[in-house]
Amino acid sequence: MQICKVKNYQELSRKAANLIAAQIILKPDSVLGLATGSSPVGTYDRLVEMYQDGDLDFSKITTVNLDEYKGLSGSHEQSYRYFMNTHLFHRINISYDHTYVPDGTETDSHKACQAYNELLHQVGPADLQILGLGHDGHIGFNEPSDHFEDETHCVDLTETTIQANKRFFASEDDVPRQAYTMGIGTIMRCKKLIVVVSGKDKASILKQVIQGPVTPEVPGSILQFHPDCIIIADEDALSEMEF
């Protein structure tokens, strides 16, 4: 695990985008694993700028997203498909039918997860996966548990996650209580991982992820075992670390 300390969110976004851009340039038909949430927004904005400047070509890229809320269609403004369309896909020259997100409209959890697992087996493992980090240590929507899930599964969102996400919805009652997410095993099989973490509110959990014991109660701690994982974090996020 490599730790890259940066001054602020802008530098974090720039460094993450540069690593993704290098992957695309070196392998134009890469499979990229993507994440949603506030952490990677700046990274996506920077990638769009590089594309608009003529420095990046996404035409042969395939993307697979970590997760999606169960019960939300891709047209819902808080769905992760909508997020990706808005922040990245509709702003670059990627082939839309090569962008994959779990089907939140599929009410049969087994069917939805099986379909996404089959897709991931066909196109994966991702050459590069970008990750954020939840306040409870979750990666994707892999919440604290008594075991690490291997593949795509339906998860009950914790109260911590619901509270963190309610700001995006009209009310707390509108926040979905379940989501489909890639499993820890799928994430760990990706060839390279980039984790972006920003803010003092992530300092305590980031310390546990990096320096604490590896436990499913802190899902992100499993990243200590990945052979090629870089954590890009700003000074605030690393403020509780002991180097």
*With no hydrogens and no angle check, is any side-chain donor or acceptor of Q78 less than 3.5 Å from a backbone partner on F168?*
yes
*Can you tell me how far the OG1 atom of T99 sits from the CG atom of L32, to the nearest 0.5 Å?*
12.0 Å
*For P28 against K60, the heavy-atom pair lying closest together*: O-CB, 3.4 Å
*asked:* Does R81 qualify as a cation-pi partner of Y96, given the criterion of NZ or CZ under 6.0 Å from the six-membered ring centre and within 45 degrees of its axis?
replied: yes
*Taking it one step at a time, do T158 and T160 satisfy side-chain hydrogen bond (donor to acceptor under 3.5 Å, both in side chains)?*
CA-CA 5 Å; T158 64; T160 298; 4.5 Å; no
*Side chains of H153 and T181 in contact at under 4.5 Å (non-hydrogen atoms)*: yes
*asked:* For the NZ atom on K27, are there more than 12 heavy atoms of other groups (residues, nucleotides or ligands in this structure) within a distance under 6.0 Å?
replied: yes
*asked:* Main chain of D234, side chain of S198: is a donor-acceptor contact present, judged purely on distance under 3.5 Å?
replied: no
*Of all heavy-atom pairs between P102 and Y180, which one has the smallest distance, and what is that distance?*
CB-CB, 4.0 Å
_Let me confirm one number: the CG-CZ distance from L120 to R189, rounded to the nearest 0.5 Å._
9.5 Å
_Any carboxylate oxygen within less than 4.0 angstrom of a Lys/Arg side-chain nitrogen, looking at K70 and D156?_
no
*Using a 4.5 Å cut-off on heavy atoms from C-beta on, say whether the side chain of D228 contacts that of K191.*
no
*asked:* As an exercise, state the distance from SG of C4 to CD1 of I232, rounded to the nearest 0.5 Å.
replied: 5.5 Å
*Are the side chain of E240 and the backbone N or O of Q208 linked by a donor-acceptor pair below 3.5 Å?*
no
_I'd like to check L34 versus P40 (side-chain heavy atoms, cut-off strictly below 4.5 Å). Are they in contact?_
no
*If Ile, Leu, Val, Met, Phe, Trp and Tyr residues are connected whenever their side-chain heavy atoms lie under 4.5 Å apart, and connections chain through other members, are F225 and L206 in the same group?*
yes
*Between E172 and Q163, a side-chain donor and acceptor under 3.5 Å*: yes
_Any H98 side-chain heavy atom under 4.5 Å of Y100 side chain_ = yes
*E235 atom CD, neighbour heavy-atom count above 12 within 6.0 Å*: yes
*Does a side chain donor of either D57 or S59 reach within less than 3.5 Å of an acceptor in the other side chain?*
yes
_Over 12 foreign heavy atoms within 6.0 Å of NZ, K15_ = no
*For S39 against Y9, the heavy-atom pair lying closest together*: O-OH, 3.0 Å
*asked:* Do L26 and L56 sit in one hydrophobic cluster, given that two such residues count as connected whenever their side-chain heavy atoms are within less than 4.5 Å of each other, even indirectly?
replied: no
_Heavy-atom closest contact (N65 atom, F89 atom, distance)_ = OD1-CZ, 4.1 Å
*Show your working on side chain to side chain contact (heavy atoms under 4.5 Å, CB included) between D103 and E68 and close with a plain yes or no.*
CA-CA 7 Å; D103 182 6; E68 179 60 282; over 6 Å; no
*Sub-3.5 Å donor-acceptor pair from the side chain of N85 to the main-chain atoms of H90, do we have one?*
no
*Are any non-hydrogen side-chain atoms of K192 and H226 less than 4.5 angstrom apart?*
no
*side chain to side chain contact (heavy atoms under 4.5 Å, CB included) between T62 and D29: does it pass, once the steps are laid out?*
CA-CA 7 Å; T62 297; D29 61 347; over 6 Å; no
*About how many Å separate CG of L66 and CD1 of I187, when rounded to the nearest 0.5 Å?*
5.5 Å
*Is there a side-chain hydrogen bond (donor to acceptor under 3.5 Å, both in side chains) between K111 and Q114 once you walk through the steps?*
CA-CA 5 Å; K111 186 176 179 181; Q114 185 177 36; over 6 Å; no
*asked:* I want to check something: taking the side chain as every heavy atom from C-beta on, are T36 and D67 in contact at a cut-off of under 4.5 Å?
replied: yes
*Hey, could you give me the CG/CD1 distance between N142 and I222, rounded to the nearest 0.5 Å?*
10.5 Å
*For H147, does the NE2 atom sit with more than 12 other heavy atoms under 6.0 Å from it, leaving out its own atoms?*
yes
*For the residue pair G74 and S79, what are the closest heavy atoms and their distance?*
O-OG, 3.4 Å
*State plainly whether one hydrophobic cluster holds both M188 and I194, where clusters connect Ile, Leu, Val, Met, Phe, Trp and Tyr through side-chain heavy atoms under 4.5 angstrom apart.*
no
*Do Y69 and F141 make the cut of ring centroids closer than 6.0 angstrom?*
yes
*Do M182 and Q129 touch side chain to side chain, with heavy atoms closer than 4.5 Å?*
yes
*Are L19 and I231 co-members of a hydrophobic cluster defined by side-chain heavy atoms under 4.5 Å apart?*
no
*Are side-chain N/O atoms of Q122 and E118 paired as donor and acceptor at under 3.5 Å?*
no
*side chain to side chain contact (heavy atoms under 4.5 Å, CB included) between V195 and C229, intermediate numbers included*: CA-CA 8 Å; V195 190; C229 175; 4.0 Å; yes
_Joint cluster assignment, M1 & I130, ILVMFWY side-chain distance < 4.5 Å_ = no
*asked:* Minimum heavy-atom separation for M241 and I210, please, with both atom names.
replied: CE-CG2, 3.6 Å
*Short N-O contact, R91 and D45, less than 4.0 angstrom*: yes
_Y116 side chain reached by V64 side chain, heavy atoms, under 4.5 Å_ = yes
_Derivation and outcome, side chain to side chain contact (heavy atoms under 4.5 Å, CB included), residues L238 and V197_ = CA-CA 9 Å; L238 288 168; V197 191; over 6 Å; no
*Euclidean distance, L88 CG relative to Y51 OH, rounded to 0.5 Å*: 11.0 Å
